[in-house]
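Shown next, in structure tokens, is the structure this report addresses.
Residue numbers run from 1 in the order of the sequence given.
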Amino acid sequence: MTDATTAVSAEDRELVLTRLIDAPRENLYRAWTEPELLKQWFAPLPYTTPVAEMDVRPGGANLIVMRGPDGTEMPNRGVYLEVVKNEKLVFTDAYTKAWEPAQKPFMTVILTFEDEGGKTRYTARVRHWTVEDRQTHENMGFHQGWGLCADQLAALAAKL
């Protein structure tokens, strides 16, 4: 017997980006967890990231603000669910801070950093609450936007 709420597989609600980056995983982890580094690569140019407040620990909140070329700011709030130094970060926008539920949860991000032949296998797995949310994110330019950001992340991580 199949429950209607489980009929949609996780893969139907997931977007994935993976790259082999020529930098140690410690550098990628730092770029994701140190505010001044994150500001340098997080938004696809010409967008910028003027604000990055991060309490990187399970239950810790973050606020990352992207600014568009026209000055429009897009605040993104979330909470870290899992933090394994240099290996894994999991965060969600289902909570805004101190376990306060968000009005409209959209995604949970699972980042992994794995050693592979002297480089790092970087994987960003983004799980959405619904198939429609995944489609919306894909239509917003997930692959292009997250791909540009991964290029910017790789360039920064190689210099650290």
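Met54 and Val90 sit in two unconnected hydrophobic clusters of ILVMFWY residues. Membership requires side-chain heavy atoms under 4.5 Å apart, directly or through other members. Both Val109 and Phe142 are members of a single hydrophobic cluster when ILVMFWY side chains are connected at heavy-atom separations under 4.5 Å. Under a hydrophobic-cluster definition in which Ile, Leu, Val, Met, Phe, Trp and Tyr are linked whenever side-chain heavy atoms come within less than 4.5 Å, directly or via other members, Trp32 and Val16 are assigned to different clusters. When hydrophobic clusters are built by joining Ile, Leu, Val, Met, Phe, Trp and Tyr residues whose side-chain heavy atoms come closer than 4.5 Å, directly or via intermediates, Ile64 is grouped together with Met74.
Under a 3.5 Å cut-off, the side chain of Asp55 and the backbone N or O of Gly60 do not form any donor-acceptor pair. Side chain of Thr92 to backbone of Ala94: a donor-acceptor contact under 3.5 angstrom is found. No donor-acceptor pair closer than 3.5 Å links the side chain of Asn86 to the backbone N or O of Val84. No side-chain donor-acceptor contact under 3.5 Å links Gln40 to the backbone of Thr49. Checking side-chain atoms of Asp93 against main-chain N and O of Met107 turns up a donor-acceptor pair under 3.5 Å. Judged by distance alone, the side chain of Thr120 and the main-chain N or O of Ala23 form a donor-acceptor pair under 3.5 Å. A donor-acceptor pair under 3.5 Å is formed between the side chain of Trp41 and the backbone N or O of Ala31. The closest donor-acceptor contact from the side chain of Thr18 to the backbone of Thr123 lies at 3.5 Å or more, if one exists at all. Thr72 places no side-chain N or O within donor-acceptor distance of the main-chain N or O of Gly68, the cut-off being under 3.5 Å. Checking side-chain atoms of Asn139 against main-chain N and O of Gln135 turns up a donor-acceptor pair under 3.5 Å.
Within 6.0 Å of CZ on Phe42 lie more than 12 heavy atoms contributed by other residues, nucleotides or ligands. Glu100 CD: more than 12 foreign heavy atoms inside a 6.0 Å radius. Heavy atoms of other residues, nucleotides or ligands lying less than 6.0 angstrom from CZ of Phe106 number more than 12. When the shell of 6.0 Å around NZ of Lys39 is examined, it contains more than 12 heavy atoms from other residues, nucleotides or ligands.
Asp133 pairs in a side chain to side chain donor-acceptor pair (under 3.5 Å) with only one of the listed residues (Lys104, His128, Arg13), which is Lys104.
Between Asn27 and Ala157, the closest heavy-atom pair is ND2-O, 2.8 Å. Taking all atoms of both residues into account, the shortest heavy-atom contact from Ala43 to Thr48 is CB-O, 3.7 Å. The minimum heavy-atom distance linking Pro35 with Ala52 is given by the pair CB-O, 3.2 Å. In plain terms, the two heavy atoms of Glu73 and Pro50 that are nearest each other are OE2-CG, 4.3 Å. Between Leu81 and Pro58 the shortest heavy-atom distance is O-CB, 3.8 Å.
The distance from the CD atom of Gln144 to the SG atom of Cys149 is 10.5 Å, given to the nearest 0.5 Å. One finds the CH2 atom of Trp146 at 9.0 Å from the CG atom of Leu15 (value rounded to the nearest 0.5 Å). Between Glu26 atom CD and Glu87 atom CD the span is 9.5 Å, to the nearest 0.5 Å. The distance from the CZ atom of Arg77 to the CG atom of Leu63 is 4.5 Å, given to the nearest 0.5 Å.
Contact of the Val56 side chain with the Tyr29 side chain is registered, since non-hydrogen atoms from C-beta on lie closer than 4.5 Å. Counting heavy atoms from C-beta outward, Leu89 and Thr33 have side chains that approach closer than 4.5 Å. Using a 4.5 Å heavy-atom threshold, the side chains of Tyr122 and Leu111 count as touching. Using a 4.5 Å heavy-atom cutoff, the side chains of Leu153 and Leu28 are in contact. Taking the side chain as every heavy atom from C-beta outward, Leu17 and His143 never approach each other to under 4.5 Å. In this structure, the side chains of Thr96 and Val79 stay at 4.5 Å or more apart for every pair of heavy atoms. The shortest distance between side-chain heavy atoms of Asn62 and Glu53 does not fall below 4.5 Å.
The aromatic rings of Tyr80 and Phe91 stand perpendicular to each other, their planes meeting at an angle above 60°, with 30° marking the opposite boundary.
Remark: Arg25 does not engage Glu114 in a salt bridge, criterion side-chain N to carboxylate O under 4.0 Å. Salt bridge Arg121/Glu116: present, at least one basic N to carboxylate O contact under 4.0 Å. A salt bridge between Arg134 and Asp12 is absent, with no side-chain N of the basic residue lying under 4.0 Å from a carboxylate O of the acidic one.
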Handout entry: Chi angles and distances behind the side-chain contact (heavy atoms from CB on, under 4.5 Å) call for Leu37, Leu156
Key = CA-CA 8 Å; Leu37 294 177; Leu156 177 63; 4.2 Å; yes
**Request:** Before giving the answer on side-chain contact (heavy atoms from CB on, under 4.5 Å), spell out for Ile110 and Lys88 the whole-Å C-alpha distance, their side-chain angles and the decisive distance to 0.1 Å.
**Result:** CA-CA 7 Å; Ile110 303 164; Lys88 186 177 189 180; 3.9 Å; yes
